[in-house]
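What follows is a short report on a single structure.
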Protein chains: 2
Amino acid sequence: MAATATNRRVPLRLAGDKPPGSVLVRNLYLSCDPYMRPKMSRPLRESYTAAFVPGSVITGYGVARVLDSSDPRLAPGDLVWGITGWEDYSVVRPPTTAFLAKISHHGGVPLSYYTGILGMPGLTAYVGFHEICAPKAGEAVFVSAASGAVGQLVGQFARLAGCRVVGSAGSAEKVELLRTRFGFHDAFNYKEEPDLAAALRRCFPEGIDIYFENVGGAMLDAVLLNMRAHGRIAVCGLISQYNLKDGEKDAVRNLSAVVAKRLRLQGFIEPDHKHLYPKYEAWVLPYIRDGTLAYVEDVAEGLESAPRALIGLFHGRNVGKQLVRVADDAEAGA
Amino acid sequence: MAATATNRRVPLRLAGDKPPGSVLVRNLYLSCDPYMRPKMSRPLRESYTAAFVPGSVITGYGVARVLDSSDPRLAPGDLVWGITGWEDYSVVRPPTTAFLAKISHHGGVPLSYYTGILGMPGLTAYVGFHEICAPKAGEAVFVSAASGAVGQLVGQFARLAGCRVVGSAGSAEKVELLRTRFGFHDAFNYKEEPDLAAALRRCFPEGIDIYFENVGGAMLDAVLLNMRAHGRIAVCGLISQYNLKDGEKDAVRNLSAVVAKRLRLQGFIEPDHKHLYPKYEAWVLPYIRDGTLAYVEDVAEGLESAPRALIGLFHGRNVGKQLVRVADDAEAGA
């Protein structure tokens with residue numbers, strides 16, 4: 001990237017020998033996502049994502065304005081969402097540019113939503129619930145970390161699918177959000193429950209058909225005791241475990257339920273299902289525009305707030321989707 | 001059941017007011033199966049099978065000769081396999097009679113095989129491997145408890161499917177069986193391995209695509225570290241856990257692999273797939289008759305040996321499929 005430093009405002013451009021397929025962007029919003037934590041642990045055993053390299057810029061999902069491009073799909077002025085860097089400006093190079101998607105349908109919708117309901121977490125919720133769990137109307141659905149970026153959507157998708165849905169979260173404020181904003185039929189604060197299995201028995205006297213797993217550890221163990229026969233568990237994430245070292249992870253002891261109840265546990269990640277994004281976007285946009293779906297964001301201001309915002313995820317400090325506003329779109333003039 | 005006690009041999013018959021649909025059988029072979037152990041634990045939470053009732057006759061799979069029948073599907077003289085009692089003679093009543101299947105294709109095959117390769121364990125191996133795991137030629141398959149009733153079959157089915165298959169067992173004799181009789185490509189004695197994860201890394205330098213889970217606990221934890229992306233785990237049983245109390249079951253800590261590698265764990269039981277039995281029997285019988293498939297049984301003699309034989313399963317005393325011979329077929333004259 002070659003920045004021309006003068007007193008006049010001069011557009012930033014890629015250097016003269018533009019690397020083929022590269023894209024220069026002004027970052028507007030950065031997304032704080034739990035999967036970023038395992039990328040900081042070594043050794044990172046076979047995984048879909050490489051470890052972060054100490055000393056390099058952190059990468060993650062974000063929304064950005066294209067300033068210059070030698071990728072024929074993108075032109076200066078385009079808005080994109082996808083993998084970018086935790087910095088003011090990024091040069092995105094192949095193959096990472098394949099993760100940059102042009103934003104073209106966003107009229108009336110905040111751009112920041114492309115870090116969440118219209119981005120990776122949204123497709124994650126959709127794929128995990130609709131494709132992995134194959135819900136039927138009337139089924140009982142439990143969602144952990146239910147006020148987070150993915151959980152708040154799964155809860156609402158479940159309600160739209162005619163399911164009964166209960167969520168857990170880690171504060172009275174979040175539990176209130178689940179009940180009032182997101183339309184969960186019931187909710188509880190897991191930190192106030194001395195016996196998670198008993199809490200689930202109370203909320204699901206006839207058991208759980210679908211568990212959307214975001215936390216792992218003790219919650220998963222309690223859920224296994226409360227699943228119904230032929231239940232499905234979409235394993236989206238295990239945020240309670242990411243700050244624990246190997247060998248110190250929480251013990252799960254109730255896996256015999258997997259046989260007795262013929263349960264399916266299915267791990268999944270959004271990039272494997274990218275082809276479903278257009279279908280998902282077309283499905284979800286009307287629900288956003290007409291207010292059927294609520295969506296709550298937790299916006300940290302300024303790039304310098306990003307590390308603390310990311311760390312906050314693992315302490316439950318965020319209420320709703322955690323993101324960072326790096327710049328207003330108005331400042332991102334192409 | 002009305003037994004006429006005289007000095008002459010008089011056929012046993014159901015009492016005059018034959019209960020509708022009941023079947024009187026002479027039990028010939030009884031099957032010792034791991035699933036019988038959880039039926040002795042209370043409380044038995046939601047499961048496909050009810051707890052045993054203290055003071056009642058133990059029920060389980062077996063092979064028997066029909067002596068009398070008011071079930072129109074069965075006539076005196078028929079041979080059947082299915083759920084019967086651990087006793088010399090049983091009256092099988094509805095709905096349990098639905099589990100009695102007439103044996104009609106067994107020419108040249110030992111009747112006892114209907115407690116194993118031609119019965120519940122055989123269909124279990126077939127369904128778990130072919131239906132649940134959907135193997136592709138060239139994939140790497142790991143089987144635990146690999147010399148047991150189900151494991152020895154899965155290993156051979158995997159080889160027939162063009163997979164590379166490795167098994168674990170608990171003695172040098174069993175490991176030798178895996179290599180020589182069952183054609184596993186490699187095998188190890190898990191009791192001689194100080195580090196199960198390292199043993200699996202040695203046997204699967206490029207990882208495991210399919211794990212056929214019969215044991216649970218520490219082995220599952222080690223397998224999770226060694227699975228490849230998109231791997232499948234058919235959870236057939238967890239024999240290492242059945243003698244442990246709730247809360248004392250072995251800790252599984254490596255479930256974060258389920259997300260990172262997008263693994264599927266699927267519990268299953270044979271009764272859900274009974275409709276596949278005719279397909280399975282037609283597929284497997286030629287392989288038995290032409291010697292393609294080897295099959296090893298461990299036969300305890302006499303009803304009085306049945307309890308010790310069942311207990312032996314949980315200590316690995318059996319070599320091959322554990323069953324009990326109650327009577328010779330010749331004694332079972334209809």
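All figures in this text were calculated on a predicted structure; none of them were measured in a lab. Every chain is numbered from 1 and lettered A, B, ... according to where its sequence line falls, protein lines coming before strand lines. All values below were derived from every heavy atom in this structure, side-chain atoms included, with hydrogens, water molecules and symmetry-related copies excluded.
Under a cut-off of 6.0 angstrom, the local environment of CZ in B:F99 is sparse, with at most 12 non-hydrogen atoms contributed by other residues, nucleotides or ligands. Surrounding OH of B:Y280 are more than 12 heavy atoms belonging to other residues, nucleotides or ligands, all under 6.0 Å away.
Heavy-atom distances place no part of A:I132 under 4.5 Å from chain B, backbone and side chain included.
Scanning residues 230-238 of chain A against chain B with a 4.5 Å non-hydrogen threshold yields A:H230, A:V235, A:C236, A:G237, A:L238, sorted by number. Heavy-atom neighbours of chain A within the stretch residues 263-274 of chain B, taken at a separation under 4.5 angstrom, comprise B:L263, B:R264, B:L265, B:Q266, B:G267, B:F268, B:I269, B:D272.
Of all non-hydrogen atoms in B:S256 and A:K249, the two that sit nearest each other are OG-CE, 4.4 Å.
Here the straight-line distance linking atom CG of A:D250 with atom CG of B:L255 works out to 10.5 Å at 0.5 Å rounding.
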